[in-house]
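Side chains are part of it too, since the values below use all heavy atoms of this structure and drop only hydrogens, waters and symmetry mates.
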Amino acid sequence: MATFIWKNAGLLVNAVDLSSDVKSLTMNEGSETGDDTAMGDDTRSAMAGLKTWSVEVEFHQDHAAGRVDATLRPLVGAAAFPIIVKPDNSVESATNPHRKGNAILPSYTPFSGAVGTTPTPARATLLAAGSLTYD
């Protein structure tokens, strides 16, 4: 079994590499379900539905041009844009598959915190706007 310390995840948002600003990243994949239980059944029965995916990211905020805020702010409520998520920010391979798809950004938290403290990480959840490819 291959195990590793996760220290080099990759994230490209709208062709901008934000990997060096990522504090944490969670890739979620799943499907909706439908109930196909019929009269006479004694147990609920579910069927697979449409696939769904999302990416939850915490960033070390950077307001410079081409960085986190300048990249994400214009995407809130905008048309779908491409993203690429990589377990390791290196060349794609059988042991480093990339997930690619189009996403939307319904909301973005650029900063928050209390007086005298380090601000909490910027947060964004990217939602599926199409199929996710795995290669």
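Taking hydrophobic clusters as Ile, Leu, Val, Met, Phe, Trp and Tyr residues chained together by side-chain heavy-atom distances below 4.5 Å, Ile84 does not share a cluster with Val22.
Distance CG/Leu72 to CG/Leu105: 6.0 Å, rounded to 0.5 Å. Rounded to the nearest 0.5 angstrom, Asp21 CG and Leu11 CG are separated by 10.0 Å. For the atom pair CE of Met27 and OG of Ser54, the computed distance is 7.0 Å after rounding to the nearest 0.5 Å.
Across every non-hydrogen atom of Gly10 and Leu25, the tightest pair is O-CD1, 4.4 Å. The shortest non-hydrogen separation linking Ile104 to Ala80 is CG2-CA, 4.0 Å. The minimum heavy-atom distance between Val13 and Phe81, with the atom names listed, is CG1-CE1, 3.7 Å. Scanning both residues, Ala9 and Asn89, for their nearest heavy atoms gives O-CB, 3.9 Å. Closest approach of Asp88 to His98, counting heavy atoms only: O-NE2, 4.5 Å.
Judged purely by atom type and a 3.5 angstrom limit, Thr120 uses its side chain to pair as donor or acceptor with the backbone of Ser112. Checking side-chain atoms of Trp6 against main-chain N and O of Pro87 turns up a donor-acceptor pair under 3.5 Å. Side chain of Asn96 to main chain of Lys86: no donor-acceptor pair is present (N/O by atom type, distance under 3.5 Å, no hydrogens or angles). Distance alone, capped at 3.5 Å, is enough to place a donor-acceptor pair between the Thr37 side chain and the Ser45 backbone. The backbone N or O of Ala48 lies less than 3.5 Å from no partner atom in the side chain of Thr33, so there is not a single donor-acceptor pair.
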Stepwise side chain to side chain contact (heavy atoms under 4.5 Å, CB included) check, Arg67 with Ser20: CA-CA 10 Å; Arg67 301 309 318 148; Ser20 64; 3.2 Å; yes
Please list, one pair per line, the donor and acceptor atoms closer than 3.5 Å that link side chains of residues 57-66 to other protein atoms, with sequence neighbours excluded.
unit_1	atom_1	unit_2	atom_2	d
Glu58	OE1	Ser24	OG	3.0
Glu58	OE2	Arg123	NE	3.2
Glu58	OE2	Arg123	NH2	3.0
Gln61	OE1	Asp69	N	3.4
Gln61	NE2	Tyr108	OH	2.9
Gln61	NE2	Pro110	O	2.7
Asp62	OD1	Ala64	N	2.9
His63	ND1	Asp69	OD2	3.3

Show me, pair by pair, the donor-acceptor contacts under 3.5 angstrom made by side chains of residues 128-135, not counting sequence neighbours?
unit_1	atom_1	unit_2	atom_2	d
Thr133	OG1	Lys100	O	3.3
Asp135	OD1	Lys100	NZ	3.4

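None of Thr26, Thr125, Asn28 except one satisfies the side chain to side chain donor-acceptor pair (under 3.5 Å) rule with Glu56; the exception is Asn28. Considering Leu12, Asn14, Val55 as possible partners of Ile83, the one that fulfils the side chain to side chain contact (heavy atoms under 4.5 Å, CB included) test is Val55.
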